[in-house]
Amino acid sequence: MKPQFFRKVLKNGMTVLLEKRDLPIVSVAIATKYGGIHESANERGIAHFIEHMLYKGTKKRTAKQIAEEIEKNGGELNGFTSETMTAFWCKMPSKHLDIALHVLSDMAKNPLFDSRETEKERKVIFEEMKIYHDTPAHYVFEKIQEMLYDGMLKIPLIGTHETMNSIDSKKLLIKFKESYQPNNLVLCVVGEADFSKILKFAEKNFGNEKGLLKRQEIILKNETKIETRKGIDQANMVLAFHSPLSTDKKVYAAEVLMAMMGEGMSSRLFQEIRAKRNLAYSIHGALNSCKFFSYSNVYVGCLKENVEKVKKLILDEFEKVSKELTEKELNQVKEQLIGNYYISMEDSALHMHKLISSEVDDDVEEFYKYEKNINTVKLENVKKLAKIKEYSFFALVPE
């Protein structure tokens with residue numbers, strides 16, 4: 001059944017999306033097309049800092065009231081920052097859609113950026129940094145991006161102690177006013193809702209201010225590094241390479257390749273490294289792609305003495321695909337991806353996130369053409385992408 005999807009760009013430039021569903025649940029998000037990729041190196045982490053501050057109170061609501069209005073009405077509230085956008089969202093019974101819209105729009109328009117709360121939240125972000133540093137499986141993904149890019153992309157999205165300490169309430173407010181304006185905003189609803197009512201709300205509650213976004217330069221590179229650390233028992237490693245952008249049709253071939261290599265227990269790398277050789281427990285591959293930069297990665301957790309062996313197995317398996325891939329295996333992976341695509345639609349919040357990401361990448365309609373786009377992937381394109389010429393590698397190993 002074709003989804004009931006609606007999209008409109010208002011006169012002020014704000015984009016409104018709705019996928020209408022019959023279940024009495026709505027997932028609602030407001031996102032700005034402002035993320036880490038718009039930050040300079042000396043302000044890295046400011047988009048994430050702003051996201052945190054949106055929950056700390058507005059001119060109408062305290063931080064506690066923001067949480068209570070959503071949670072006490074049966075909802076959940078959260079947010080995220082990525083390289084391309086920042087979003088805050090909730091999921092709740094559809095009868096409370098008005099509450100969701102009013103709370104989120106208040107957060108998007110009227111955050112206080114109180115200086116005392118800013119100092120308190122800075123400490124919270126420092127604690128978040130420690131969690132990421134102390135979690136090897138997260139840390140290696142921060143580091144692999146450092147191996148793949150120069151400039152601001154080599155710095156963790158959360159920022160550093162130096163950049164966080166250089167950002168005060170005044171800077172947060174200036175950057176907020178530049179980026180959180182209607183022409184940069186996307187309002188997305190998935191669930192039981194009336195599109196005309198959502199449009200009326202957006203038109204009434206958002207003005208005509210214009211914001212500016214300045215994207216930073218993307219500087220590609222490839223590096224290899226092994227880092228040692230006391231107090232860990234397992235090596236965590238990531239091998240990554242630059243891939244087609246999300247706006248390039250070849251991105252679907254990259255999706256097929258990475259699903260084949262590292263998605264699930266039937267994947268080639270799982271079978272070769274874990275099932276056949278018992279060299280690791282956790283193995284997975286993924287494509288991290290947007291319209292500005294893109295890379296594929298393979299993560300493995302293994303013994304320190306097996307790092308080089310596992311690395312060689314990964315490269316060898318990609319080489320085999322570049323020479324031996326058959327139409328039969330290609331079609332099996334296509335079926336896997338298409339099935340996973342439809343299964344993912346079951347969760348309205350996850351679906352909402354994907355719709356926003358597709359919109360920010362310029363063409364949300366492509367999201368609904370996923371099955372067609374996957375089915376048009378050609379064997380030779382996947383084999384060509386599997387021929388890795390250059391790559392980056394990072395491993396965190398026990399001392």
Side-chain angles (χ1 to χ4, degrees), residues 13-14 29-63 66 77-89 104-133 142 145-146 149-186 206-219 290 292-293 360:
M14 186 176 185
I30 295 179
T32 176
K33 299 174 185 179
Y34 171 71
I37 208 163
H38 303 99
E39 303 169 333
S40 62
N42 62 9
E43 65 180 14
R44 187 68 162 158
I46 194 170
H48 175 255
F49 204 158
I50 291 172
E51 180 218 322
H52 273 237
M53 293 306 298
L54 297 183
Y55 297 87
K56 301 299 289 183
T58 70
K59 296 172 184 177
K60 296 180 180 179
R61 295 172 173 86
T62 64
I66 289 172
L77 180 68
N78 214 327
F80 64 90
T81 305
S82 74
E83 296 291 357
T84 56
M85 65 177 170
T86 308
F88 39 105
W89 60 275
L104 295 183
S105 63
D106 189 25
M107 292 168 63
K109 295 190 302 177
N110 305 307
L112 292 177
F113 294 111
D114 177 81
S115 57
R116 288 172 297 180
E117 291 299 325
T118 299
E119 294 309 311
K120 288 163 63 177
E121 200 61 25
R122 191 193 316 276
K123 295 177 182 177
V124 171
I125 293 173
F126 287 153
E127 293 305 310
E128 190 176 355
M129 286 180 182
K130 292 174 185 175
I131 291 174
Y132 295 159
H133 178 272
E142 285 188 347
Q145 191 161 299
E146 182 183 325
Y149 301 97
D150 269 327
M152 51 80 207
L153 275 181
K154 71 182 290 184
I155 305 170
L157 180 63
I158 197 172
T160 66
H161 278 76
E162 289 73 23
T163 59
M164 284 295 95
N165 279 322
S166 72
I167 297 168
D168 57 16
S169 293
K170 185 177 179 181
K171 283 187 178 181
L172 290 170
L173 182 59
I174 291 171
K175 192 60 66 173
F176 170 80
K177 288 182 175 179
E178 287 178 0
S179 54
Y180 281 74
Q181 298 300 348
N183 63 312
N184 293 331
L185 297 181
V186 178
F206 290 88
N208 297 299
E209 300 86 354
K210 298 294 181 183
L212 297 173
L213 295 177
K214 184 179 179 181
R215 179 172 60 85
Q216 299 296 315
E217 183 182 5
I218 306 297
I219 307 167
C290 70
F292 302 122
F293 68 94
V360 171

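Please read these numbers as outputs of a predicted model, since none were measured by experiment.
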What I want to find out is whether R116 reaches D114 closely enough, with some N-O distance under 4.0 Å, to be called a salt bridge.
yes
Note: E43-K175 ion pair, threshold 4.0 Å (strictly below):
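Salt bridge between E43 and K175, a charged N being under 4.0 Å from a carboxylate O: yes.
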Between the side chains of [X] and [Y], does any donor sit under 3.5 Å from an acceptor?
{"X": "T163", "Y": "T160", "result": "yes"}
{"X": "Y149", "Y": "Q145", "result": "no"}
{"X": "E51", "Y": "T86", "result": "no"}

Can you check whether [Y]'s main-chain N or O pairs, donor with acceptor, with [X]'s side chain at less than 3.5 Å?
{"X": "Y55", "Y": "N78", "answer": "yes"}
{"X": "N183", "Y": "G211", "answer": "yes"}
{"X": "E39", "Y": "G45", "answer": "yes"}
{"X": "E117", "Y": "F113", "answer": "no"}
{"X": "N184", "Y": "S179", "answer": "yes"}
{"X": "R215", "Y": "T84", "answer": "no"}
{"X": "K171", "Y": "S166", "answer": "yes"}

Which one of L104, L54, V186 satisfies the side chain to side chain contact (heavy atoms under 4.5 Å, CB included) criterion with I30?
L104
Under a 4.5 Å cut-off applied to non-hydrogen side-chain atoms, are [X] and [Y] in contact?
{"X": "F126", "Y": "M129", "result": "yes"}
{"X": "I66", "Y": "M107", "result": "yes"}
{"X": "M152", "Y": "I218", "result": "yes"}
{"X": "M53", "Y": "K56", "result": "yes"}
{"X": "L185", "Y": "K33", "result": "no"}
{"X": "E142", "Y": "P156", "result": "yes"}
{"X": "F293", "Y": "I37", "result": "yes"}

Give, for atom [atom1] of [X] and atom [atom2] of [Y], the distance between the pair rounded to the nearest 0.5 Å.
{"X": "I46", "Y": "F176", "atom1": "CD1", "atom2": "CZ", "value": "12.0 Å"}
{"X": "R61", "Y": "L112", "atom1": "CZ", "atom2": "CG", "value": "12.0 Å"}
{"X": "L212", "Y": "K214", "atom1": "CG", "atom2": "NZ", "value": "10.5 Å"}
{"X": "F80", "Y": "L157", "atom1": "CZ", "atom2": "CG", "value": "11.5 Å"}
{"X": "E178", "Y": "L173", "atom1": "CD", "atom2": "CG", "value": "10.0 Å"}
{"X": "Q216", "Y": "R44", "atom1": "CD", "atom2": "CZ", "value": "9.5 Å"}

In terms of heavy-atom contacts, Y34 and A47 come closest through CE2-CB, 3.6 Å
Minimum heavy-atom distance between G207 and P182, given as atom pair plus value:
O-CG, 3.4 Å
Please evaluate residues M14 and Q181 with respect to the criterion side chain to side chain contact (heavy atoms under 4.5 Å, CB included), reporting the C-alpha separation (whole Å), side-chain torsions for both, the decisive distance (0.1 Å), and the verdict.
CA-CA 8 Å; M14 186 176 185; Q181 298 300 348; over 6 Å; no
Derivation of the side chain to side chain contact (heavy atoms under 4.5 Å, CB included) call for E127 and I131
CA-CA 6 Å; E127 293 305 310; I131 291 174; 5.8 Å; no
Mutual orientation of the aromatic rings belonging to H38 and F292 [parallel < 30°, tilted 30-60°, perpendicular > 60°]:
perpendicular
Partners meeting side chain to side chain donor-acceptor pair (under 3.5 Å) with K60 (sequence neighbours left out)
none
Could you go through I155 and E146, starting from their C-alpha distance and side-chain angles, then the distance that decides it, and tell me whether this counts as side chain to side chain contact (heavy atoms under 4.5 Å, CB included)?
CA-CA 7 Å; I155 305 170; E146 182 183 325; over 6 Å; no
Does the structure place the NZ or CZ of K109 under 6.0 Å from the centre of the six-membered ring of Y180, at an angle of no more than 45° from the ring's axis?
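Verdict for Y180: no cation-pi partner in K109.
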